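Since the structure comes first, as structure tokens, the remarks are kept for the end.
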Amino acid sequence: MELLIAAHSDIGIKKNTNQDSLLIKAAQTSLGKVCLCVICDGMGGLAKGEMASASVVRVFEKWFENELPSLIDKGFRVEDMKLDWDNIVLEMNDKLCAYANDLHVRMGTTLAALIIFEDHYYIMNIGDSRVYMLTDQLYQLTEDQ
């Protein structure tokens, strides 16, 4: 399967800084090509959104580089990947909340993560960052939370 992956980020009309963070990683594995795409956007009106979004993207990048290879070596079970992703979100939520509490601010980020592997795709989304598929038509694959 050939893929064309594109990303676009825009500051929008309400923020003074662009709080988007983006990750696109691809690798050839023993079971074929794998591609991970993650986009996070700091939540409007809350402090340090750019830091929140970048932190979540970095953790997914580390997962891709350090954890995914062992999942693939074990035969890649979707349930294991979902558990890893759920744990990432829960852990990052706790860390970001603790950091924000220390600063006496509120902060957060949206998340849309997509992994394409073995002619299948798996998506996680939180908030209003979306995943679309473009063929001869445009399909929205996620719904805003």
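Note that this is a predicted model, so its numbers are computed, not measured.
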Regarding R130 and D144, does a basic nitrogen lie under 4.0 Å from an acidic carboxylate oxygen? yes
Between Y122 and W85, is the ring centroid distance below 6.0 Å? no
Check the pair L36, L23 against side-chain contact (heavy atoms from CB on, under 4.5 Å), reporting the backbone distance first and the verdict last. CA-CA 8 Å; L36 174 66; L23 171 70; 4.0 Å; yes
If two hydrophobic side chains count as joined below 4.5 Å and joins carry through other members, does V78 share a cluster with V38? yes
Using a strict cut-off of less than 4.0 Å between a Lys/Arg side-chain nitrogen and an Asp/Glu carboxylate oxygen, indicate whether K25 and E65 qualify as a salt bridge. yes
Heavy-atom side-chain proximity of N87 to V89 below 4.5 angstrom: no
Whether the side chain of N101 engages the backbone of C97 through a donor-acceptor N/O pair (distance < 3.5 Å, no angle test) should be reported. yes
Can you tell me how far CG of L111 sits from CE of M124, rounded to the nearest 0.5 angstrom? 6.5 Å
For T110 and C40, indicate whether the former's side chain and the latter's backbone hold a donor-acceptor pair under 3.5 Å. no
Working note: K95 + S55, criterion side-chain contact (heavy atoms from CB on, under 4.5 Å); need CA distance, chi angles, decisive distance, verdict. CA-CA 10 Å; K95 286 182 178 183; S55 297; over 6 Å; no
Check this for me: F76, atom CZ, are more than 12 non-hydrogen atoms of other residues, nucleotides or ligands nearer than 6.0 Å? yes
Between the side chains of T109 and D41, is a donor N or O closer than 3.5 angstrom to an acceptor N or O? no
Atom SG of C35 and atom CD1 of I115: how far apart are they, to the nearest 0.5 Å? 8.5 Å
Before you tell me yes or no, could you show the steps for L71 and D84 under side-chain contact (heavy atoms from CB on, under 4.5 Å), namely the whole-Å CA-CA distance, both residues' side-chain angles and the distance that decides it to 0.1 Å? CA-CA 10 Å; L71 287 180; D84 282 356; 3.5 Å; yes
Please say yes or no: joined through hydrophobic side-chain contacts below 4.5 Å, possibly via intermediate residues, are Y99 and V105 part of one cluster? yes
is_close_aromatic(Y132, Y139), centroid dist under 6.0 Å: no
Side chains of V56 and L96: does their closest heavy-atom pair fall under 4.5 Å? yes
Beyond-backbone contact of N18 with S9, side-chain heavy atoms, under 4.5 angstrom: yes
Enter the distance from L114:CG to M133:CE here, rounded to the nearest 0.5 Å. 10.5 Å
Within the side chain of E118, is there an N or O that forms a donor-acceptor pair under 3.5 Å with the backbone of H120? no
Donor-acceptor check, side chain of Q145 to backbone of G127, threshold 3.5 angstrom: yes or no? yes
Between V131 and L134, is there shared hydrophobic-cluster membership here, with clusters defined by ILVMFWY side-chain heavy atoms closer than 4.5 Å? no
Stepwise side-chain contact (heavy atoms from CB on, under 4.5 Å) check, W63 with M81: CA-CA 10 Å; W63 174 84; M81 181 199 68; 3.7 Å; yes
If the condition is salt bridge (Lys or Arg N to Asp or Glu O under 4.0 Å), which residues does D128 pass it with, not counting sequence neighbours? none
Could you tell me if the side chain of S30 sits less than 4.5 Å from the side chain of I72, heavy atoms only? yes
CD1 of I126 to CE of M92, rounded to nearest 0.5 Å, is 11.5 Å
Please walk me through it: do D20 and S53 pass side chain to side chain donor-acceptor pair (under 3.5 Å)? CA-CA 6 Å; D20 297 346; S53 65; over 6 Å; no
